[in-house]
Amino acid sequence: MRVPLSWLREYVDLPADVTARALADRLTLAGLEVETVDELGSDVKGPVVYGRVLEIEELTGFKKPIRHCRVDVGDANGTGEPQEIICGARNFAEGDLVVTSLPGAELAGGFRIGARKTYGRMSAGMICSASELGLWDDHSGIIVLPEGFGAPGEDAIGPLGLREDVLDIAVTPDRGYALSLRGVARDTAALYGADFRDPADVAVAAPTGEGQAAEVDPALCDRYVLRGATGFDPGAPTPLWMKRRLHQSGVRPISLAVDVTNYVMLELGQPLHAWDRAALRGPLRVRAAGAGEKLETLDHVQRSLDPDDIVIADDSGPVNIAGVMGGLTTEISSTSTEVLVEAGHFDAMHIARASRRHQLSSESSRRFERGVDSAVQLVAATRAAELLAELGGAAVETAYTHIDRTTAREPITVRASHAGSVAGVDYPEGTARTWLRRIGCGVEEEGDVLRVTPPSWRPDLTDPNDLAEEVIRFEGYENIPSIPPRARSGRGLTAGQRLRRAVGRTLADAGYHEVLNYPFVGERDLDGLQLPADDGRRAALRLANPLNEEEPLLRTTLLPGLFKALARNVGRGFADVALFETGLVYRPRRGAGRAPLLPVDRGPSADELAEIDAAVPEQPRRVGAVLAGDFERAGWWGPGRAATWADAVQAARDVARTAGVELEVEADQHAPWHPGRCAALYVRVGGERLLVGHAGELHPRTVKAFGLPERAAAVEVDLDRIERARPPVVAPEVSTYPVATQDVALAVDESVPVGLVSAALAEGAGELLESVRLFDVYTGEQVGEGRKSVAFTLRFRAGDRTLTAEEAGAARDAAVALAAERTGAVLRG
């Protein structure tokens with residue numbers, strides 16, 4: 001809603017020193033967000049004056065008509081002599097009063113006016129059009145002023161309203177009253193404690209007879225007014241002041257009849273419609289549209305009506321989609337002399353649905369769907385009819401139609417201290433009563449209880465919290481103190497939250513970048529993962545209203561989102577990429593039904609909560625990572641190293657290590673990983689061995705499906721299961737005695753996993769073992785074909801003594817013996 005400040009001041013006695021920006025700040029703090037303050041005409045500089053056209057000489061010999069004019073501009077040019085100006089417009093004549101910008105003036109957009117020779121004559125200034133002055137959009141020619149508007153040479157900037165401050169307010173759906181000067185003025189008056197002059201507070205004489213016959217469905221419209229005006233001059237121009245205000249408010253001037261209805265709508269907030277009464281056939285009926293009915297609207301579109309649409313119909317059928325747009329057949333034309341003005345209070349939900357159904361968001365529908373005053377229709381229709389009479393020579397008919405089926409609003413009972421308890425502020429006694437009365441509510445006091453009757457223009461006030469909001473916003477949201485809650489000792493992050501943050505830091509330290517992907521996938525993504533038809537990851541939850549029709553499923557794995565992020569980065573020139581994501585996946589339960597729709601008048605029962613829980617899919621938290629290119633970049637420090645499946649496995653080990661869990665790794669075959677380069681990842685919980693994820697190099701078909709670099713690797717682990725396997729935190733014992741180091745090299749079959757050998761050594765070494773670390777893998781002639789040599793460093797330490805060489809050697813021999821027993825390893829050397 002665009003609000004010109006000068007128009008607003010007609011209804012509010014604002015202090016003279018209140019600027020537009022100061023008012024904008026107060027309104028914004030009170031809940032009416034002012035997006036911008038437009039200073040219209042601030043770049044216009046004089047001299048811009050009235051001028052009288054004395055002589056016009058038609059110049060010939062040019063491609064277009066050119067006129068040499070002599071214009072009386074009084075003493076504004078410093079000489080008192082007529083000003084010579086070249087002009088190409090044809091819509092003015094000798095004796096007309098026009099607006100003239102003289103040399104030195106500057107118009108909107110930085111257009112400077114000077115004196116120059118053109119078309120063989122000297123031109124010192126410009127005769128201006130409405131568009132050039134920024135008054136309104138009109139390219140038909142020069143603006144010709146009515147007689148008595150001003151004298152030649154007088155300044156035109158002020159009287160024409162070339163400079164104006166306009167507040168552009170973003171009106172929220174619950175504040176429909178603010179889509180009018182009347183509504184904004186009332187809030188402004190309340191904020192400043194100024195006098196408010198309600199433009200709707202006028203007495204309307206009772207009808208002298210029956211007006212246009214009308215039938216109204218009370219379920220669709222509870223108040224309906226029709227007022228007629230006869231003898232209207234369809235060629236009468238819209239006055240300059242009205243065109244200017246409409247333009248400032250963002251409405252394009254069209255014709256007097258249309259401009260009047262728009263002007264009253266902006267003033268009072270009540271949308272109006274004006275018909276050519278001669279084109280109507282029989283009585284008007286406010287009803288629901290019939291099946292198969294059609295209407296050609298004012299935008300020349302033939303529309304199929306829906307039974308949910310409210311229409312205005314006569315004997316010929318629908319002539320208007322109520323509250324949205326009028327029909328073409330009853331439009332006021334250049335020959336219309338009888339005008340019928342309609343003002344109705346239509347059901348807001350019907351209007352909102354019709355506007356969206358027909359994709360017609362009009363100024364009228366925007367107001368109806370937010371709620372308009374249910375008592376202003378008679379005043380609005382009368383005001384429009386009287387303007388048509390004043391400006392268009394019409395006579396207002398004293399007989400009119402007024403159908404009123406509105407009901408009185410029930411009072412709302414609220415404690416006087418309720419607003420203070422909601423805001424957490426001790427407001428002085430009487431605060432609620434004062435503010436509620438200022439916005440038009442009727443307030444009766446019964447001790448500490450208020451019985452509040454909201455006014456007809458505030459349909460959004462329906463319960464005590466709505467009334468509390470009104471008090472709080474006028475008292476000032478900025479005056480509510482900011483008191484952060486105090487956390488009780490020991491109430492910090494949960495163990496799960498600390499683990500998730502620690503895992504993120506660990507992966508970031510390892511060189512991975514975190515990404516956040518949408519949790520949506522499509523069947524094409526699941527096909528790209530090469531999942532078998534019976535794979536549980538294909539049983540995905542389908543969204544009823546997906547953002548993207550190609551991704552209607554909730555993800556059952558993090559991998560598709562990571563693959564797409566990798567492909568996007570590689571496509572933009574980043575060859576070496578390592579990404580990770582922590583998030584939920586959604587695994588529907590077998591046989592789960594729909595969640596019940598719960599009532600809003602009570603809390604859910606235990607059985608209803610159980611039904612909801614049964615319908616909600618399992619949502620385990622996963623950690624996934626994907627990497628391609630060089631994991632260690634080359635540079636002056638040395639050669640780089642390409643990312644491999646081993647790095648993906650190491651990422652899983654890092655996650656498990658952060659959680660304090662030992663990870664067991666075994667070879668496996670699992671989509672979408674390469675069958676020969678895939679590892680299954682296990683943890684132990686008590687005596688149970690749990691599968692927590694997979695890691696390795698991706699299958700070539702998956703790489704091709706997602707457009708990934710060759711040999712890309714990925715890992716995905718279940719963080720919830722890893723968290724379940726976390727042992728109790730025990731402070732480690734730190735020994736002050738020295739470490740004994742023993743190296744062993746074992747020859748095993750090439751098919752034996754290194755992890756199996758490492759686990760056997762760790763178990764066989766006993767309690768003295770501090771760590772076991774692989775430092776070399778060798779294949780070649782010295783170990784024989786089909787064999788490999790794996791070398792480990794074993795570190796031994798006792799907490800109460802220095803180990804002897806014999807003790808360290810015995811522990812090493814025991815470790816080698818168990819490795820030989822389990823894996824067939826042979827000690828080398």
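Scope of the values below: all heavy atoms of this structure, side chains included, with no hydrogens, waters or symmetry mates.
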Heavy atoms only: give me the nearest [X]-[Y] pair and the separation to one decimal.
| X | Y | answer |
| --- | --- | --- |
| Gly593 | Ala615 | O-CB, 3.2 Å |
| Gln497 | Leu493 | OE1-CA, 3.3 Å |
| Ala713 | Ala648 | CB-CB, 4.1 Å |
| Ile472 | Ala423 | CD1-CB, 3.8 Å |
| Leu761 | Leu769 | O-CD2, 4.5 Å |
| Val715 | Val717 | CG2-CG1, 4.1 Å |

For [X], all residues meeting side-chain hydrogen bond (donor to acceptor under 3.5 Å, both in side chains), sequence neighbours excluded:
| X | answer |
| --- | --- |
| Arg795 | Glu770 |
| Asp174 | Thr172 |
| Asp647 | Arg641 |
| Asp718 | none |

For [Y], is there an ion pair with [X] - N to carboxylate O distance below 4.0 angstrom?
| X | Y | answer |
| --- | --- | --- |
| Asp460 | Arg370 | no |
| Arg812 | Glu807 | no |
| Arg353 | Glu369 | no |
| Arg555 | Glu581 | yes |
| Glu662 | Arg653 | no |
| Asp630 | Arg633 | no |
| Glu618 | Arg587 | no |
| Asp720 | Arg622 | no |

Check your understanding: Is Arg589 close to Pro617 at the side-chain level, that is, under 4.5 Å between some pair of heavy atoms?
Key ->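 Sidechains of Arg589 and Pro617: no contact.
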**Study point:** Side-chain touch Pro552/Leu543, heavy atoms, less than 4.5 angstrom
**Key:**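 In short, these two side chains do not touch, never coming nearer than 4.5 Å.
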Check your understanding: Which residue pairs satisfy the ring-ring contact (aromatic ring centres under 6.0 Å, His included) criterion with at least one member in residues 772-815, sequence neighbours excluded?
Key ->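 Counting only pairs at least two positions apart or across chains, no ring-ring contact (aromatic ring centres under 6.0 Å, His included) contact touches residues 772-815.
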Exercise for review: Would you mind listing every ring-ring contact (aromatic ring centres under 6.0 Å, His included) that reaches into residues 809-828, with sequence neighbours excluded?
Suggested key: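 Counting only pairs at least two positions apart or across chains, no ring-ring contact (aromatic ring centres under 6.0 Å, His included) contact touches residues 809-828.
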Practice item. Show your reasoning for whether side-chain contact (heavy atoms from CB on, under 4.5 Å) applies to Val521 and Glu551. Key: CA-CA 5 Å; Val521 297; Glu551 296 178 336; 5.7 Å; no
Tabulate below the donor-acceptor pairs under 3.5 Å that side-chain atoms of residues 747-760 make, not counting sequence neighbours, or state none.
| residue | atom | partner | partner atom | Å |
| --- | --- | --- | --- | --- |
| Asp749 | OD1 | Arg787 | NH1 | 2.9 |

**Study point:** Worked verdict on Gln650 versus Asp654 for side-chain hydrogen bond (donor to acceptor under 3.5 Å, both in side chains)
**Key:** CA-CA 6 Å; Gln650 185 58 43; Asp654 290 341; 2.9 Å; yes
**Study point:** side-chain contact (heavy atoms from CB on, under 4.5 Å) assessment of Val783 paired with Lys788
**Key:** CA-CA 6 Å; Val783 294; Lys788 63 184 176 183; 5.6 Å; no
Practice item. Could you give me the CA-CA distance, side-chain angles and deciding distance for Gln619 and Val585, then say whether side-chain contact (heavy atoms from CB on, under 4.5 Å) is met? Key: CA-CA 5 Å; Gln619 301 173 56; Val585 299; over 6 Å; no
Check your understanding: Going by atom types only, do Arg621 and Thr582 share a side-chain donor-acceptor pair under 3.5 Å?
Key ->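 Side-chain D/A pair, Arg621 to Thr582: absent.
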Practice item. Give a yes-or-no answer on whether the side chains of Thr506 and Thr658 include a donor-acceptor pair shorter than 3.5 Å. Key: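 Indeed, the side chains of Thr506 and Thr658 share at least one donor-acceptor pair under 3.5 Å.
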Review point. Given the rule in the salt bridge (charged side-chain N to carboxylate O under 4.0 Å, His left out) test, do Arg797 and Glu767 qualify, once you have shown the distances and angles that lead to the verdict?
Key: CA-CA 9 Å; Arg797 194 194 310 257; Glu767 295 181 354; over 6 Å; no
Exercise for review: Could you pull out all residues at least two apart from Ala610 that satisfy side chain to side chain contact (heavy atoms under 4.5 Å, CB included)?
Suggested key: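 Ala610: no side chain to side chain contact (heavy atoms under 4.5 Å, CB included) contacts found.
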Review point. Among all residues two or more places apart in sequence or in another chain, which pass the side chain to side chain contact (heavy atoms under 4.5 Å, CB included) test with Ser605?
Key: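 Side chain to side chain contact (heavy atoms under 4.5 Å, CB included) check on Ser605 returns Asp607, Glu608.
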Review point. In this structure, which one of Leu559, Thr557, Leu526 forms a side chain to side chain contact (heavy atoms under 4.5 Å, CB included) with Pro672?
Key: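 Option passing the side chain to side chain contact (heavy atoms under 4.5 Å, CB included) with Pro672: Leu559.
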Atom [atom1] in [X], atom [atom2] in [Y]: separation rounded to 0.5 Å?
| X | Y | atom1 | atom2 | answer |
| --- | --- | --- | --- | --- |
| Ser361 | Arg356 | OG | CZ | 7.5 Å |
| Tyr518 | Asn548 | OH | CG | 11.0 Å |
| Asp527 | Asp525 | CG | CG | 8.5 Å |

For a quick test of your reading: what N or O donor-acceptor pairs under 3.5 Å do the side chains of residues 673-699 make, sequence neighbours left out?
| residue | atom | partner | partner atom | Å |
| --- | --- | --- | --- | --- |
| Trp673 | NE1 | Gly696 | O | 3.4 |
| Trp673 | NE1 | Ala714 | O | 2.9 |
| His674 | ND1 | Gly676 | N | 3.0 |
| His674 | NE2 | Arg677 | NH1 | 3.2 |
| Arg684 | NE | Glu664 | OE2 | 2.7 |
| Arg689 | NE | Glu664 | OE1 | 2.9 |
| Arg689 | NH1 | Glu666 | OE2 | 3.4 |
| Arg689 | NH2 | Glu666 | OE2 | 2.4 |
| His694 | NE2 | Asp668 | OD2 | 2.9 |
| Glu697 | OE1 | Arg711 | NE | 3.0 |
| Glu697 | OE1 | Arg711 | NH2 | 3.4 |
| Glu697 | OE2 | Arg711 | NE | 2.9 |
| His699 | ND1 | Arg701 | N | 3.1 |

Exercise for review: Output, in order, the C-alpha distance, side-chain angles, deciding distance and verdict of side-chain contact (heavy atoms from CB on, under 4.5 Å) for Arg828 and Leu746.
Suggested key: CA-CA 6 Å; Arg828 295 184 64 203; Leu746 305 175; over 6 Å; no
Exercise for review: Please step through salt bridge (charged side-chain N to carboxylate O under 4.0 Å, His left out) for the pair Glu611 and Arg594, ending with a clear verdict.
Suggested key: CA-CA 8 Å; Glu611 284 187 69; Arg594 282 180 172 271; over 6 Å; no
Point to revise | For Phe563, all residues meeting ring pair (Phe, Tyr, Trp, His ring centres under 6.0 Å), sequence neighbours excluded | key: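 Phe706.
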Exercise for review: Go through Glu723 and Arg500 one step at a time and tell me if the salt bridge (charged side-chain N to carboxylate O under 4.0 Å, His left out) criterion holds.
Suggested key: CA-CA 10 Å; Glu723 186 177 356; Arg500 292 195 289 274; 5.0 Å; no
Check your understanding: Under 6.0 Å from the CZ atom of Arg602, do we count more than 12 heavy atoms belonging to anything else shown?
Key ->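 Count over threshold, so yes.
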Check your understanding: Restricting to pairs with a member in residues 726-739, which pass salt bridge (charged side-chain N to carboxylate O under 4.0 Å, His left out), not counting sequence neighbours?
Key ->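 Passing the test, one end in residues 726-739: no pairs.
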